[in-house]
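Order of the sequence lines fixes the chain letters, A, B, ..., with proteins taken first and strands second; residue numbering starts at 1 for each chain. Just so it is clear, the structure is predicted and the values come from calculations on it, not from any experiment.
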Amino acid sequence: MRHLFGYEERSAALFLAPVMLVLMGVAVFPIFYSLYISFFRIKLTRPNRTPFVGLDNYTDLFTNELFWVSVVRTVTFSVVSVTAIAVIALLISLLLNQNFRGRRVLSTILLVPWAIPYVANALMWKWIYDSGYGALNGVLYQLDFIDKYMIWLGDQDKTIFLIANAFVWKEVPLAAILLLVSLKSIPSDLYQAARVDGAGVWQRFIHVTLPAMKPGFMLVMIYETMMAIRHFDLFFILTEGGPGDASHVLSWHIYVETFRNLSFGSGAAMSYVLALVTFALSYVFIRTLGRRI
Amino acid sequence: MHAWSAAVDTVQSHLNAFTNTTGIPVNYGNSPWAQYREGMVTKFVGGAPLDMMWVSDAWLPEWAEAGWISPIDEYDFLTAYNSEAEDFCTDSMTYNGRQYGLTYYTDFMAFFYDESKIKEAGFDAPPATWDEVVEQSLVMKEKGISDYPMMLAMAQESWLIEFMSALVYSHGGRFTDDAGASIMQHEKDGAVEALQWVVDAVDKHGIVSPACVETGELSGLKAFASGNHAFAMVAKYRLRMLNDPAQSQIAGNVKQAMMPKGANGDHNTVGWMRFHGMATQSAQDKQRAENAARLIEWFGGKANGEYKFQKLLFLDIGAGFGVKPLFEDAEIQAAYNTYGDVDTIKAQQALALKKDVVTPWFGEWAETNGSAWQSAILGNVEPAAAIQKSADLWDELKSSY
């Protein structure tokens, strides 16, 4: 051993060991242990009956009607949110890439939603959307856009989109900054060369700006998709999965199964399915967006 | 002793008095209500030291089945208090024929009305039936007194089962029979009639806001206190706040009526309660068990000859009590009469029934049941079909336990 590793390597290992041990305890072990318990019918309120059920917790999901409802809700929420975030963030980053008076102030204001904690953001939107005393109704009513107060979160056709709106509001600043960094890194030579070749504004945007922003877009798409798929706070505070099952997304389904029903086995199985879906989507993004980078 | 973080100072001072009187030291811990059940389950599973804890009636079957809580009915000095407790309280602390604690707090779902709006609409008395609620509400709508005279909070939250149960019981229905089998799907003695009333109130008559599916108990209470509605179904203990000018715009006008009844009903409502229970690990040690039993008596029974803790809680935070003699207490009567009518409160409490869905699988069923009711209210499914779905899940869960 002493021959294989030098003094520096052994010293490094010694100093890293405590951190590695902590990481093993708080990250690696729980990951493998949760995989282990996903093969058991573990319900905390039935501590004496925890039979090994193999893959049943996984296969049961596919016959669970509510699970499929939650998948559809999650996909809808994610597609709407990520698309809106990408488009709005792109527009904002293009704006902030221009030189104009007040740009720094605008950049600072833009960061406010990002700085607000998720729970505070959710509570704020709960007040805004309230059908009795919410600010949204108040503003629309005073502007004569509506003649009576509307039902927002209680309307199942609007619920998921209103929650997506609250999510977009919170996430856009970070996405815009990530895209702005990509924009700033585009060499001015490319634009000059494009101008010499006779490219107009639109052509420069399509052929220079967008391709150069691909790394930024990939990052935004992967990060925001992961955030959207596993997002929980807004659903917990705004609707608790309701009304009916209108906002019953996967993360809510997992929460109910794990922490309300205290079914840790099936909850763990669902979490692994969610993790696998997230990984798969990230892989797809990297393969499609990343191959020409 | 572990409790949720309510009336912490009152609990601590009563504990100090216990220690001073008996010489038994007690470690007191508390945690927020919202995380209490999950936290306690974790403590039980992890083997944390516990002797006595606060328990909600909703968790008793679950905790008893898991073997975390032990019966206290072998202590005659504790069961002696049953003769003075409300029947539904004792029922709610009993599982599989064994009693698991003594109550310290109880309450029920009450029907409140804004007297000024009733008079403005031209009525002399509050509604006594659900049909009369519709009748009076339609007049109020026509006269522009309120857009949605009846406030119902049907959001998916922990209060939902209490609202549903009060509606079902007052219509003369039940969710389950005495053997625990589902009868909620029955047209007359089940839950269908009650749900149909709610659906009609929203869709047909427009007297309940369609937003009721997003209205939680607290939001509904605030809306009623703001004067938006003429009738409200909320917990009885809210009466104090509703008649407090500092907190309510309709203070002084809020009165309690008996829960309206349906064609087959009889003013019944739902009651709930919390109690002091003994941890199984305590019950396994004779000395610890005896100490815990004395502590349970000190809090749930009499301390120095009176129901002191229940009285303290009532005077401190307005929490209801589950023992009938306190209704005769002059101090309590005086306090109640500053914001309510003690006779109506007493009469309604006597008609309270325990939640018949409290079982080890209640949590798993409640989520689907809540969604089923909301779906019917939203018009996605007929009330009978929604309740049938709920009943099917109930039967499936019952057979799996």
Portion of B/A155 that has a non-hydrogen atom of chain A nearer than 4.5 angstrom: neither
Geometric class of the A/F29/A/Y33 ring pair [parallel <30°, tilted 30-60°, perpendicular >60°]: parallel
B/N369 vs B/W394, side-chain hydrogen bond (donor to acceptor under 3.5 Å, both in side chains): CA-CA, chis, key distance, verdict: CA-CA 9 Å; B/N369 181 56; B/W394 181 273; over 6 Å; no
Between B/S390 and B/W365: side-chain donor-acceptor atoms closer than 3.5 Å: yes
Structural part of A/Y133 lying under 4.5 Å from a heavy atom of chain B: side chain
B/K389 side-chain N/O to B/A372 backbone N/O, donor-acceptor pair under 3.5 Å: no
Residue part contacting chain A, namely of B/W361, when any heavy atom lies under 4.5 Å: neither
Near-ring test A/F77/A/F235, centroid separation under 6.0 angstrom: yes
Partner chain B: residue of A/P47, A/G244, A/G242 with the largest heavy-atom pair count (under 4.5 Å): A/G244
Heavy-atom closest contact (A/I109 atom, A/P113 atom, distance): O-CD, 3.8 Å
Most chain A-contacting option - heavy-atom pairs closer than 4.5 Å, from B/P210, B/A223, B/S375: B/P210
Salt bridge (Lys or Arg N to Asp or Glu O under 4.0 Å) assessment of A/D60 paired with A/R41: CA-CA 12 Å; A/D60 286 353; A/R41 188 86 70 205; 3.4 Å; yes
Heavy-atom pairs under 4.5 Å with chain A, option from B/Q156, B/E214, B/Q374 with the top count: B/E214
Structural part of B/E367 lying under 4.5 Å from a heavy atom of chain A: side chain
Option in A/L238, A/L262, A/D245 with maximal non-hydrogen atom pairs under 4.5 Å from chain B: A/L262
Contact leader toward chain A among B/N380, B/L378, B/V41, B/T42, where contacts are heavy-atom pairs under 4.5 Å: B/L378
